[in-house]
Amino acid sequence: MEPIANLIYSRGLSVEDFLRGIPRIPTHILLLNTPINDNLSVEPHTQLNTISGTFNIRKYLTNPKAEHVSWLDYSHAEGLEELLPEEIAELLFLGHMHTHYTTPFSYKLQNEFVFLSLGSKHLKVYYRKLKNFYPVLNDSLIRHTRLAFNERRMFRRYDNFAEIPQSMLRQLTPILSNGIIFAFDQAFEQGKQYRIPILVVADNGQSPIYRSRTSLYNKAKQVAVLRYNMTSGHWHLVITDSHAFEDDQFY
């Protein structure tokens with residue numbers, strides 16, 4: 001997390017997780033990808049593709065052939081028409097460099113999100129309201145828990161994992177800026193409890209996008225365990241290193 005920019009960089013969060021988790025799917029999106037797709041509508045002022053209608057947007061974004069799609073939402077077509085040349089240039093910079101030049105949020109477009117797909121399940125998503133990230137995280141964690149839990153079972157599958165309380169996920173805020181790993185490869189069941197270790201990534205000065213899985217795990221330190229009670233259907237966050245949570249300036 002970059003709290004000042006309301007930016008979440010992730011591996012493993014999917015487009016489907018995002019669309020399920022946000023309060024509502026946008027009704028208009030502006031694609032930041034170039035070259036232009038001639039099969040889609042082209043907005044004449046920005047010369048970028050647009051898609052309208054929640055059904056059409058969901059269908060396009062979840063199409064496997066539409067991978068590596070970057071976009072932002074907008075409220076009305078009039079907002080696009082009012083953009084100045086330098087503002088259009090900033091949108092092109094955002095789509096090409098996958099980072100913001102000034103601010104990712106436009107008062108003319110009234111966008112709630114900027115969604116930048118970097119490939120290999122790497123995403124950078126700007127949230128105007130950071131609270132909208134936690135339901136997305138919830139959906140992704142439940143999906144990964146279900147996959148990891150059932151992967152080792154041929155017969156006794158379990159698909160009814162309960163929602164994780166948002167208040168519990170918000171407790172992770174102090175360590176999100178450091179970068180954390182939900183270590184599903186180390187998850188295990190013990191005494192009707194399914195346990196998912198949470199690790200803090202050691203900073204080596206390199207951007208996460210350029211780091212391998214081995215590099216991210218190297219010197220990563222366990223600070224908590226996300227635990228699910230298979231009998232009661234309740235989640236618990238067990239903090240094993242309280243010192244890691246002491247920096248609460250963004251919590």
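This one's a predicted model, so the numbers in the text were calculated from it and none came from an experiment.
Applying the side-chain contact (heavy atoms from CB on, under 4.5 Å) test to His76 and every residue at least two apart in sequence or in another chain returns Glu78.
Remark: the backbone N or O of Arg128 is paired with a side-chain donor or acceptor of Asn6 at under 3.5 angstrom. Here the side chain of Asn138 pairs no donor or acceptor atom with the backbone of Pro165 at under 3.5 angstrom. In this structure, His144 contributes its side chain and Gly12 its backbone to a donor-acceptor pair below 3.5 Å. In this structure a side-chain-to-backbone donor-acceptor pair under 3.5 Å is missing from Ser140 to Leu137. At distances below 3.5 Å, not a single donor-acceptor pair connects side-chain atoms of Ser177 with backbone N or O atoms of Met1. Checking side-chain atoms of Thr27 against main-chain N and O of Thr54 turns up no donor-acceptor pair under 3.5 Å.
When side chains are defined from C-beta on, Leu31 does not count as touching Asn37, because their heavy atoms never get closer than 4.5 Å. At least one side-chain heavy atom of Ile29 sits under 4.5 Å from a side-chain heavy atom of Leu61. Annotation: side chain of Gln186 is in contact with side chain of Tyr217 (closest heavy-atom distance under 4.5 Å). Residues Thr99 and Tyr126 form a side-chain contact, since some pair of their non-hydrogen atoms from C-beta on lies under 4.5 Å apart.
Atom NE2 of His96 sits in a sparse spot, with 12 or fewer heavy atoms from other residues, nucleotides or ligands closer than 6.0 Å.
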**Message:** With side chain to side chain donor-acceptor pair (under 3.5 Å) as the criterion, how do Ser106 and Glu87 come out once you've worked through the C-alpha distance, each side chain's angles and the decisive distance to 0.1 Å?
**Reply:** CA-CA 9 Å; Ser106 166; Glu87 292 172 319; 5.5 Å; no
Practice item. List the steps, then state whether side-chain contact (heavy atoms from CB on, under 4.5 Å) holds for Gln47 with Ile36. Key: CA-CA 8 Å; Gln47 289 295 297; Ile36 302 303; 5.6 Å; no
Could you check Asn150 against Asp159 for side chain to side chain donor-acceptor pair (under 3.5 Å), going step by step and ending with a plain yes or no? CA-CA 8 Å; Asn150 291 327; Asp159 295 320; 3.0 Å; yes
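Between Tyr158 and Phe161, the ring planes are perpendicular. Angles over 60° get that label, and only those under 30° would be called parallel. In this pair, Trp71 and Phe115 present their aromatic rings parallel. The plane angle is below 30°, not in the 30 to 60° band.
Note on Leu72: it does not cluster hydrophobically with Tyr101, by side-chain heavy-atom contacts below 4.5 Å among ILVMFWY residues. Hydrophobic clustering, with ILVMFWY side chains joined whenever heavy atoms are under 4.5 angstrom apart, groups Met168 together with Ile198. Ile180 and Ile8 fall within a single hydrophobic cluster, where Ile, Leu, Val, Met, Phe, Trp and Tyr side chains are chained together by heavy-atom contacts under 4.5 Å. Phe93 and Ile88 fall into different hydrophobic clusters, where Ile, Leu, Val, Met, Phe, Trp and Tyr are joined by side-chain heavy atoms under 4.5 Å apart, directly or via other members.
Counting only N and O atoms by type, the side chains of Asn218 and Ser215 include no donor and acceptor under 3.5 Å apart.
Results of the ring pair (Phe, Tyr, Trp, His ring centres under 6.0 Å) test with Tyr194 over Trp235, Phe149, Phe184, Tyr228 single out Phe149 as the only residue that passes.
Remark: aromatic rings of Tyr127 and Phe113 are close, center separation under 6.0 Å.
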